[in-house]
Amino acid sequence: MSLSLKPQAPVLIIASLETKHEEVNDLVDRIGRHGFQCEIIDTSLRSGGVQLDGKGKIAAMHACAQSANASIRRAMAGGAQVVVGIGGGTGAQIIAEAISDLPFAMPKILINTMAHDMRPDTADNSVIIIPSVSDLAGMNPTLRQVFENAAAVVAGLARAATFHPHISTSPTIGMTTLGTTSRGADLAKAMLQEAGHEVTAFHANGYGGKAFTRWCACGAFSGVMDFTTHEVTRVLFDRACNVPSDRYQAAAKSNLPQVVLPGGVNFMSRGPLDHLSDEQRTLPHYTHSYSFTHIGLTPDQMAQCADYLAEHLTALPTPTIMIVPMGGFSTEDRSGGAIENRAGREAFARIMESQASSGFEVRRVETHICEAETAEAAVSAMTELLGRTSNRPRPADAHTHDRARHMTASR
């Protein structure tokens, strides 16, 4: 078959027709067998066979992504309901940028070769990743099966989208958590739910923090319980950091009351144990899972984390209460734990207390972060802040900034 543009079709296919013409043809045909027409958005760089240098290529990629985004939005206004991208290395990056700010509720699929880690590009939106398994270099039996399955997924989403075009955007309490703090976070969550609050939790692993930051901005939260600020260790001690620069100012920028705890601010996460360097093995550490080893921070490093957090949390005048659990900041930071660090906790608390002000209060508790008493202190502080701010108007952009674009698909 030959490609044909179908204006106002329910399914959008995004790909470079210079390099993926055969693959697009095949997928359009398979989606058509399910009864859906497709509109094609071409993301070809159109270099005319000329090899672009690094800066030239990157500029062309950004321009292509912006053009594709504009085309997608025009198609959405005409009734498009599902977006499907097909791309290898360069193509997948262009597509990821083009769909990055599309409505959260709009189904988005990216069929790609997994040439690079897609998490930084897709962590703050809902994108279904389908590995192509074989390279996208012409059709073959493997790719035909992948496309057959993808077409069925697309058809199911297109049908469902007709009847469920929206998701709830009622404000919830935004929370951060990790496995090493989850017992305490779960207790706090249950207490908040018992008090009538819904809670949306984010995995504080860098990628979850990116989504958490975006959700703060788009009006999804009525308050924030940043239970696990572990991502500060990635900002300070991890070269491959994916944490947004405004991660710890996101709540304040949206004028959200926030309770903050130093969950996980006592270790850095590294790869499997047998991947550690000889120097890293001399430091306090333990195996968290097959893939991760946690290395305890020094008291000086924990003080650096406190300095960084204090600088960011006090930069904007928003009611903030920090709860410092002196019994330990994570599961193995406890009496007899593998990375127990009393000196580090004390250094952290002293620096935080030195930054206390009328809008930034620091409260020590003697319990561990995973104990009920800590959760009770955090929930009590959250209830107090919500009571203080219940009659205070939030900035208009906290309600409207990208809510329609990010949280609800307008169809």
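For the numbers below, each heavy atom of this structure counts, side chains included, while hydrogens, waters and symmetry mates do not. If you're wondering where the values come from, they're calculated on a predicted model, not measured in any experiment.
Using a 3.5 Å distance cut-off with no hydrogens or angles, the side chains of Thr374 and Thr367 do pair a donor with an acceptor. In this structure, a donor-acceptor pair under 3.5 Å is present between the side chains of Asp42 and Ser44. Looking only at atom types and distance, the side chain of Asn125 has a donor-acceptor partner in the side chain of Lys108 under 3.5 Å away. A donor-acceptor pair shorter than 3.5 Å can be found between the side chains of Gln258 and Thr320. Side-chain atoms of Gln145 and Asn149 form a donor-acceptor pair, as typed in the model, at a separation below 3.5 Å. With hydrogens and angles left out, the side-chain atoms of Thr181 and Thr228 include a donor and acceptor closer than 3.5 Å. Between the side chains of Asp121 and His116, at least one donor N or O sits under 3.5 Å from an acceptor N or O.
Although no hydrogens or angles enter the test, the distance criterion places no donor-acceptor pair under 3.5 Å between the side chain of Ser132 and the main chain of Ile111. At distances below 3.5 Å, at least one donor-acceptor pair connects side-chain atoms of Thr43 with backbone N or O atoms of Ala15. Between the side chain of Asn341 and the backbone N or O of Gly344, at least one donor-acceptor pair lies under 3.5 Å.
With a 4.5 Å cut-off on side-chain heavy atoms, Cys370 and Thr331 count as touching. Within the 4.5 Å cutoff, the side chain of Arg363 has no heavy atoms near those of the Val324 side chain. For the pair His197 and Thr172, the minimum side-chain heavy-atom distance is 4.5 Å or more. Using a 4.5 Å heavy-atom cutoff, the side chains of Lys210 and Val243 are not in contact.
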For residues 261-272, which side-chain N or O atoms pair as donor and acceptor with protein atoms under 3.5 Å away, sequence neighbours left out?
residue : atom : partner : partner atom : Å
Asn266  : OD1  : Ser330  : OG           : 3.2
Asn266  : ND2  : Ser330  : OG           : 3.0
Arg270  : NH2  : Phe237  : O            : 2.8

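Legend: salt bridge (charged side-chain N to carboxylate O under 4.0 Å, His left out) pairs involving residues 311-338, not counting sequence neighbours, sorted by first then second residue: Glu332-Arg334, Asp333-Arg345. Sorted by first and then second residue, the ring pair (Phe, Tyr, Trp, His ring centres under 6.0 Å) pairs involving residues 325-355 (not counting sequence neighbours) are Phe329-Phe348.
Classification of the Phe212-Phe221 ring pair by plane angle, with boundaries at 30° and 60°, yields tilted. The aromatic rings of His288 and Tyr286 stand perpendicular to each other, their planes meeting at an angle above 60°, with 30° marking the opposite boundary.
A salt bridge links Asp101 with Arg73: the closest approach of a Lys/Arg side-chain nitrogen to an acidic carboxylate oxygen falls below 4.0 angstrom. Taking 4.0 Å as the cut-off between side-chain N and carboxylate O, Asp246 and Arg214 do not count as a salt-bridged pair.
Checked against the 6.0 Å centroid criterion, the rings of His203 and Tyr207 do not qualify as a close aromatic pair.
By the salt bridge (Lys or Arg N to Asp or Glu O under 4.0 Å) test, Arg342 is found to be paired with Glu340, residues two or more places apart in sequence or in another chain being considered. Under the salt bridge (Lys or Arg N to Asp or Glu O under 4.0 Å) criterion, Arg364 pairs with Glu346, Glu353, sequence neighbours left out. The side chain to side chain donor-acceptor pair (under 3.5 Å) search around Gln93 returns none, not counting sequence neighbours.
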